2 protein chains.
Amino acid sequence: MKKKVSIHDIAKQLNVSAATVSFVLNGKATEKRISGEMEQRILKHVKQLGYRPNRVAKSLRTGKSKIIGMLVEGIADPFFSAIARNVEEQAYKLDYKIFYASTENETRIAKDILGAFRDTQVDGYIIVPPPGLEEEIQGLIDDNLPVVLFDRYFPGLATCNIIVDNFDGVYQAMRHFVKHDYKNIGFVTIHSTQTQMRDRSSGYYHAVNEKGLTPYVKMIGFDLKPDQEKITAEIKQFLQDNPKIEAVLFATNYLAISGLEAIKQLGLSIPNDIAVIGFDDNTHFSLFSPSITAVAQPIREISDQVMQQLMACLTGNEKLPGKKTIVLQTKLIIRESSQVNKLTS
Amino acid sequence: MKKKVSIHDIAKQLNVSAATVSFVLNGKATEKRISGEMEQRILKHVKQLGYRPNRVAKSLRTGKSKIIGMLVEGIADPFFSAIARNVEEQAYKLDYKIFYASTENETRIAKDILGAFRDTQVDGYIIVPPPGLEEEIQGLIDDNLPVVLFDRYFPGLATCNIIVDNFDGVYQAMRHFVKHDYKNIGFVTIHSTQTQMRDRSSGYYHAVNEKGLTPYVKMIGFDLKPDQEKITAEIKQFLQDNPKIEAVLFATNYLAISGLEAIKQLGLSIPNDIAVIGFDDNTHFSLFSPSITAVAQPIREISDQVMQQLMACLTGNEKLPGKKTIVLQTKLIIRESSQVNKLTS
DNA sequence: GCTGTTTAGTTAATCGATTAGGCAAATAAT
DNA sequence: ATTATTTGCCTAATCGATTAACTAAACAGC
């Protein structure tokens, strides 16, 4: 087992002090008036030995870790994993590493992990907050730690938030339905008071009121998320109980999946028996037959904004991002599932 | 900004030494003969202040970090993110954190990140190795660091590997095709010499030879992975060039997606014009019309085995896992895409 | 009363870096 | 020639924990 070499070993071997080596390694040779000759001697020897400074020690001394903590609802969710991937890519370029973790939207898990992040002294936080995390986030702000929230936020907190216009996303989808003459439009969402879901609901109700429609809403408990079959069963029941529904909007990607399964099980034909739009696009929606219309979130832009805001703090004047809410627009990707099939109708 | 409290602050406030506090906090009170009275006094005060030990300092001293480094091909890939999610869940229970990163199967990125993991002193490594990472992995072994590889491995290295029977997975799929009387069966794979792809190819050729069939193979460059459209175009070309093909097997999930798109663009009907099987199942395959037959990898089992092997080293007698290759079985999930449609044929 | 053993802690070195402050030698200024 | 400045590098404290080695007091045994 190759013994680890420390900066002191390097120093001893060259008969200089550890401080000198440290200065050279941190590019402060000129600033600290180390001669060019010495600098070369050290650099050469360091390269030859393949010495790598111990980040843990460095982190302890400087209080910086070059790590960003990222807390999402679930890394297996394609929406979050796609953003995670983009964020990671950008972080990598700036010599930061990402430390992901999933909360499953549970307050306790989120608190635990956030604690672990703090203990590890991560330099910045990217958080998709579950309910009840206000205090912890306020704590980060109080301690002057850079935080960026995305997907949802707490209106009461002075954080930097990157979100999409959930209200408008749903509203656009509704207008599309109405334009194609659908009158009885269902909305399947989850029981949640978080901003993103609340805004989606508002968008639905706004459209319903504006157009004088009858609302048909089904709320699924969030706790059912791991149990796809149960969600499918509930949606099936909802559609059976409300046979008038001729179009339905699903408020999240996993609800859409279960909803499509429910529709399949009921033997209904899309879009002739029932039209469908999902919130959150999916690589596969274009391949479905019929292809599925979706409200697409701008994944690339979200990732870019998240990183831009966070990096401005990390590399800049160490200030907090400050209270700022950046609202990005969604895009309705119109496919076959939301318009009557001209061939058969 | 709340000043951070250290173990010395605690000690001073209680008029004891830092060592005593440390012993109590690490549950060594009895072993180190600290009185119950003192123990309670310290615990109470620590709880009251909400003191949390600095993990970085602890890590520097002990050389342990309670972090596991996980290197996958791409965190946005549903196969890897599902495994990551499971692994994370188990690690969490054992008080370990996971540090993910994506390599995009590039040697240089993988080396970089592995270096960062080492610098951070992660306690264990879970790796899906890109080509050319042999030396670095051997280096981990030489330094007695626990490593588990999965999905693919290097036959020359004495590592613990968790893989699936890729050969048999493909072979089963081929047998299924043959059973349903398909004779001209295409195989779309990527240009790669890594074990998992090599074995899938072997499975195909074995079946082709055994049944006396004509091989139709299309190799896609791995570098095209980010460019879905190009892959789609190549597959389209392949199918057009080989009109005899009546069934096709895709060797990875993203090839299947592009392949389905190609088939859609060609206006072919599945399974009547062309039958399809994909390697790697997908949440959505059951919802496609027709639903897509797939070779499912046992995600849960893979994650369990990975963690079991790694944890045995971490919590146990600090030995390496040793050379051991655990081969799990795939399961052919038969759906509509691979058998002639009884209604119309 | 003197030695040996427990009890209940304490002291100080250590992990591997960073960095403010110091100091001797060389060079410049007067 | 003497003082001032610059050059070039070193000393030692520090970050916040862990832990081997030690000690002082209390108690036991003969």
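Excluded from the calculations below are hydrogen atoms, water molecules and symmetry mates; all remaining heavy atoms, backbone and side chain alike, are included. Worth saying up front: this structure is predicted, and the values here are computed from it rather than measured. First the proteins, then the strands, lettered A, B, ... as listed; each starts at 1.
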Partner set under salt bridge (charged side-chain N to carboxylate O under 4.0 Å, His left out) for Asp112(B), not counting sequence neighbours: Arg108(B)
Main-chain N/O of Leu145(B) paired to Asp143(B) side chain as donor or acceptor, under 3.5 Å: no
Sidechain-backbone polar pair: Tyr100(B) side chain, Ala84(B) backbone, donor-acceptor under 3.5 Å: yes
Atom pair distance, as rounded to whole Å: CG in Leu14(A) and P in dG8(D): 18 Å
N-O pairing of Lys44(A) and Glu39(A) below 4.0 Å: no
Lys/Arg N to Asp/Glu carboxylate O, Glu136(B) vs Arg118(B), below 4.0 Å: no
Neighbour count >12 (heavy atoms, 6.0 Å) for atom NZ, Lys323(A): yes
Within 45° cone and under 6.0 Å: Lys28(B) NZ/CZ vs Phe23(B) ring: no
Where chain B begins and ends its contact with DNA chain C, read 5' to 3' at 4.0 Å from heavy atoms: dT7(C) to dG16(C)
Touch class at under 4.0 angstrom, heavy-atom based, for Ser6(B) against every strand present: sugar-phosphate
Listed pairs, N/O of protein and of nucleotides 9-13 of chain D, under 3.5 Å:
from	atom 1	to	atom 2	distance (Å)
dC9(D)	OP1	Ser35(A)	OG	3.3
dC9(D)	OP2	Ser35(A)	N	2.6
dC9(D)	OP2	Ser35(A)	OG	3.1
dC10(D)	OP1	Ser17(A)	N	3.4
dC10(D)	OP2	Ser17(A)	N	2.9
dC10(D)	OP2	Ser17(A)	OG	3.1
dC10(D)	OP2	Thr20(A)	OG1	2.5

Residue pair Gln309(A) / Lys324(A), side-chain donor-acceptor N/O under 3.5 Å: yes
